[in-house]
Engineer: 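Submitted below is the structure of interest, expressed as structure tokens.
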Amino acid sequence: MDFVEFWTLCSANEIVLDLDQIETFKRFHKELLYWNEKVNLISRKDMENVIERHLIHSLTILKYLKIDDKARVLDIGTGGGFPGIPLSIAQPKAHFLLADSIAKKIKLTDMFAKHTGNRLVKTFSGRVENLVNDKNYLNHFDIITARAVSKTYNLIEFSEKLLKKGGQYYLLKGGDLTEEIEMTKDLYPKAQIKEIPIDFRGVDWFKNEDKKILVVKNVK
């Protein structure tokens with residue numbers, strides 16, 4: 001897939017990007033491929049499919065859900081910047097904190113973020129539990145995102161103090177989530193959980209791989 005098709009498919013799925021944003025995606029994509037040869041940011045088998053399986057996958061959140069201007073978003077286990085960097089390119093007025101415990105990954109992700117030119121994107125090197133010890137981040141975030149990071153109930157356990165009252169989790173997951181959802185409801189009876197199967201027009205991979213977005217709110 002090239003970036004003309006990427007742009008077209010995003011538009012067909014009601015994700016509107018301008019030319020400057022496309023150029024930023026191109027730069028991010030180029031840098032990611034270059035540095036992935038040196039540091040394992042994404043699976044080597046995915047390198048030919050970065051646009052579909054990483055850029056578009058991150059953006060599927062915006063097909064179904066909203067990130068408001070000035071929203072504060074924490075991306076846990078961001079790795080090479082997913083879904084945080086693609087979301088920040090598409091939603092440049094929102095504030096993003098990209099967190100990962102692996103220093104060599106977050107160092108590169110910090111560079112990628114700086115190269116987007118968006119000063120509202122910051123990075124954090126360390127375990128998310130450490131953010132809880134910083135009073136500036138308590139009840140701070142409107143949205144917490146994560147892609148294939150831990151079970152939902154574990155993620156809530158170590159991050160719920162960072163979420164504002166009324167805040168939501170937007171979690172990119174796959175496969176049968178029945179047991180995980182039931183366990184989360186048992187531990188957090190007030191939580192409202194919505195499972196959204198990803199159906200992205202023009203990309204069959206999401207349906208074939210049973211990719212989903214799990215939305216969790218009212219955990220407090």
Side-chain angles (χ1 to χ4, degrees), residues 1-17 21-65 67 73-92 94 96-102 104-116 118 121 123 143-150 170-175 196-214:
M1 182 183 293
D2 60 23
F3 277 92
V4 173
E5 187 177 1
F6 167 75
W7 197 359
T8 302
L9 287 173
C10 285
S11 180
N13 287 274
E14 300 181 357
I15 300 170
V16 179
L17 304 169
Q21 288 169 312
I22 294 298
E23 291 301 317
T24 303
F25 273 113
K26 286 182 181 179
R27 179 171 184 170
F28 174 44
H29 177 258
K30 182 178 180 180
E31 291 181 346
L32 180 70
L33 292 182
Y34 175 80
W35 285 104
N36 201 62
E37 294 286 353
K38 306 174 187 304
V39 178
N40 189 28
L41 297 167
I42 61 173
S43 172
R44 297 294 171 89
K45 66 182 181 180
D46 277 348
M47 289 185 70
E48 294 182 358
N49 302 295
V50 169
I51 295 178
E52 302 101 298
R53 299 184 185 182
H54 297 277
L55 301 185
I56 289 179
H57 190 201
S58 299
L59 293 177
T60 57
I61 287 173
L62 298 179
K63 176 172 180 175
Y64 299 99
L65 301 162
I67 297 178
V73 184
L74 171 63
D75 185 24
I76 296 177
T78 192
F82 299 101
I85 288 181
L87 290 173
S88 72
I89 296 171
Q91 298 291 119
F96 284 81
L97 181 63
L98 315 180
D100 203 282
S101 61
I102 301 176
K104 62 183 179 180
K105 288 187 177 183
I106 204 66
K107 183 177 180 180
L108 288 172
T109 299
D110 184 68
M111 180 188 72
F112 299 152
K114 284 183 169 63
H115 288 175
T116 68
N118 188 341
V121 184
T123 60
I143 297 166
I144 294 178
T145 63
R147 186 174 74 146
V149 177
S150 192
Y170 296 169
L171 308 177
L172 289 169
K173 291 181 169 288
I196 304 173
I198 298 174
D199 184 1
F200 200 88
R201 184 180 302 173
V203 183
D204 294 332
W205 182 76
F206 301 110
K207 291 180 71 174
N208 294 340
E209 296 294 320
D210 199 19
K211 297 297 182 183
K212 300 165 182 177
I213 304 168
L214 205 62

Engineer: Provide the closest heavy-atom pair for Lys173 versus Ser150 in the form atom of the first, atom of the second, distance.
Structural biologist: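 Distance-wise, the nearest heavy atoms are NZ-O, 2.9 Å.
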
Engineer: Would Leu55 and Phe3 count as a side chain to side chain contact (heavy atoms under 4.5 Å, CB included) if you check the C-alpha gap in whole Å, the side-chain angles of each, and the deciding distance to 0.1 Å?
Structural biologist: CA-CA 11 Å; Leu55 301 185; Phe3 277 92; 4.0 Å; yes

Engineer: Closest heavy-atom contact between Arg201 and Ala12?
Structural biologist: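 Between these two residues, the closest heavy atoms are NH1-O, 3.7 Å.
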
Engineer: Please find the pair of heavy atoms, one from Ser58 and one from Pro83, that lie closest to each other, and give the distance.
Structural biologist: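 Of all heavy-atom pairs spanning Ser58 and Pro83, the closest is OG-CA, 3.2 Å.
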
Engineer: Using a 6.0 Å distance limit plus a 45 degree cone around the ring axis, check whether Lys38 lies over the aromatic ring of Tyr34.
Structural biologist: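 Yes, cation above the ring, under 6.0 Å and within 45°.
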
Engineer: Is the number of heavy atoms from other residues, nucleotides or ligands within 6.0 Å of CD (Glu23) greater than 12?
Structural biologist: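 Check passes, neighbour count above 12.
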
Engineer: After noting the C-alpha distance and the side-chain angles of Phe96 and Thr145, does the key distance pass the side chain to side chain contact (heavy atoms under 4.5 Å, CB included) rule?
Structural biologist: CA-CA 10 Å; Phe96 284 81; Thr145 63; 5.9 Å; no

Engineer: With a 4.5 Å heavy-atom cut-off, do Leu32 and Phe82 have their side chains touching?
Structural biologist: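 They are in contact (side-chain heavy atoms under 4.5 Å apart), so the answer is yes.
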
Engineer: Is a side-chain donor or acceptor of Ser11 paired with a backbone partner of Leu17 at a separation under 3.5 angstrom?
Structural biologist: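 The answer is no, because no donor-acceptor pair under 3.5 Å joins these two groups.
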
Engineer: Once you round to the nearest 0.5 Å, how far does CH2 of Trp35 lie from CG of Leu41?
Structural biologist: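 So the CH2 of Trp35 and the CG of Leu41 are separated by 10.0 Å.
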
Engineer: Quick one: closest heavy-atom pair of Pro197 and Lys212, and the distance?
Structural biologist: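 Nearest heavy atoms, Pro197 then Lys212: CA-CG, 4.1 Å.
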
Engineer: Do the side chains of Ile89 and Asn118 get nearer than 4.5 Å, heavy atoms only?
Structural biologist: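 No, every pair of side-chain atoms sits at 4.5 Å or beyond.
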
Engineer: Counting distance only, does the side-chain N/O of Ser88 pair as donor-acceptor with the main-chain N or O of Ile85 below 3.5 Å?
Structural biologist: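 Yes.
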
Engineer: For the CD1 atom of Ile67 and the OH atom of Tyr170, what is their distance to the nearest 0.5 Å?
Structural biologist: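 Interatomic distance, Ile67 CD1 to Tyr170 OH, rounded to 0.5 Å: 6.5 Å.
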
Engineer: Can you tell me how far the CZ atom of Arg53 sits from the CD atom of Glu209, to the nearest 0.5 Å?
Structural biologist: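 That separation rounds to 6.5 Å.
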
Engineer: For residues Leu9 and Met1, determine if any side-chain heavy atom of one lies less than 4.5 Å from a side-chain heavy atom of the other.
Structural biologist: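 Yes; the side chains approach each other to less than 4.5 Å.
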
Engineer: Backbone N or O of Glu14 within a donor-acceptor pair of the Lys63 side chain at under 3.5 Å?
Structural biologist: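 Checked: no pair found.
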
Engineer: Apply side chain to side chain contact (heavy atoms under 4.5 Å, CB included) to Thr78 and Phe112, showing your working.
Structural biologist: CA-CA 12 Å; Thr78 192; Phe112 299 152; over 6 Å; no

Engineer: Using modelled atom types only, decide if a donor and an acceptor are shared between the side chain of Thr60 and the backbone of His57 within a distance under 3.5 Å.
Structural biologist: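 At least one qualifying donor-acceptor pair exists.
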
Engineer: Measure across Ala90 and Leu59 and return the closest heavy-atom pair with its distance rounded to 0.1 Å.
Structural biologist: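 Reported closest heavy-atom pair: CB-CD2, 3.8 Å.
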
Engineer: Using side-chain hydrogen bond (donor to acceptor under 3.5 Å, both in side chains) as the criterion, point out the one residue from Thr109, Asp110, Asp100 that pairs with Thr123.
Structural biologist: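 Testing Thr123 for a side-chain hydrogen bond (donor to acceptor under 3.5 Å, both in side chains) against Thr109, Asp110, Asp100 leaves exactly one candidate, Asp110.
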
Engineer: Distance from Leu172 atom CG to Ile61 atom CD1, nearest 0.5 Å?
Structural biologist: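 Result: 4.0 Å between the selected atoms.
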
Engineer: Heavy atoms, side chains only, cut-off 4.5 Å: are Glu5 and Glu52 in contact?
Structural biologist: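 No. Closest side-chain heavy atoms not under 4.5 Å.
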
Engineer: Could you tell me whether the side chain of Trp205 reaches within less than 4.5 Å of the side chain of Asn49, counting heavy atoms only?
Structural biologist: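 Contact flag for Asn49/Trp205 side chains = no.
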
Engineer: Going by heavy atoms in the side chains, are Ile213 and Leu65 under 4.5 Å from each other?
Structural biologist: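 In short, these two side chains touch, coming nearer than 4.5 Å.
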
Engineer: Between Asn13 and Phe200, is there a donor-acceptor pair closer than 3.5 Å when you use the side chain of the first and the backbone of the second?
Structural biologist: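 Side chain of Asn13 to backbone of Phe200, a donor-acceptor pair under 3.5 Å: no, none is there.
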
Engineer: What's the separation between atom CD1 in Ile143 and atom CG in Asp75, rounded to the nearest 0.5 Å?
Structural biologist: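 Here the interatomic distance stands at 11.5 Å.
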
Engineer: Can you check whether Val4's main-chain N or O pairs, donor with acceptor, with Thr8's side chain at less than 3.5 Å?
Structural biologist: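 Yes, the answer is positive, given that a donor and an acceptor are paired below the 3.5 Å cut-off.
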
Engineer: Just how far is it from atom CG of Leu33 to atom CZ of Phe28, taken to the nearest 0.5 Å?
Structural biologist: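 Between Leu33 CG and Phe28 CZ, I get 9.5 Å after rounding to 0.5 Å.
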
Engineer: Just so I know, are the side chains of Ile51 and Phe25 near enough to count as touching, which here means a heavy-atom distance under 4.5 Å?
Structural biologist: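 The answer is no; the side chains never approach within 4.5 Å.
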
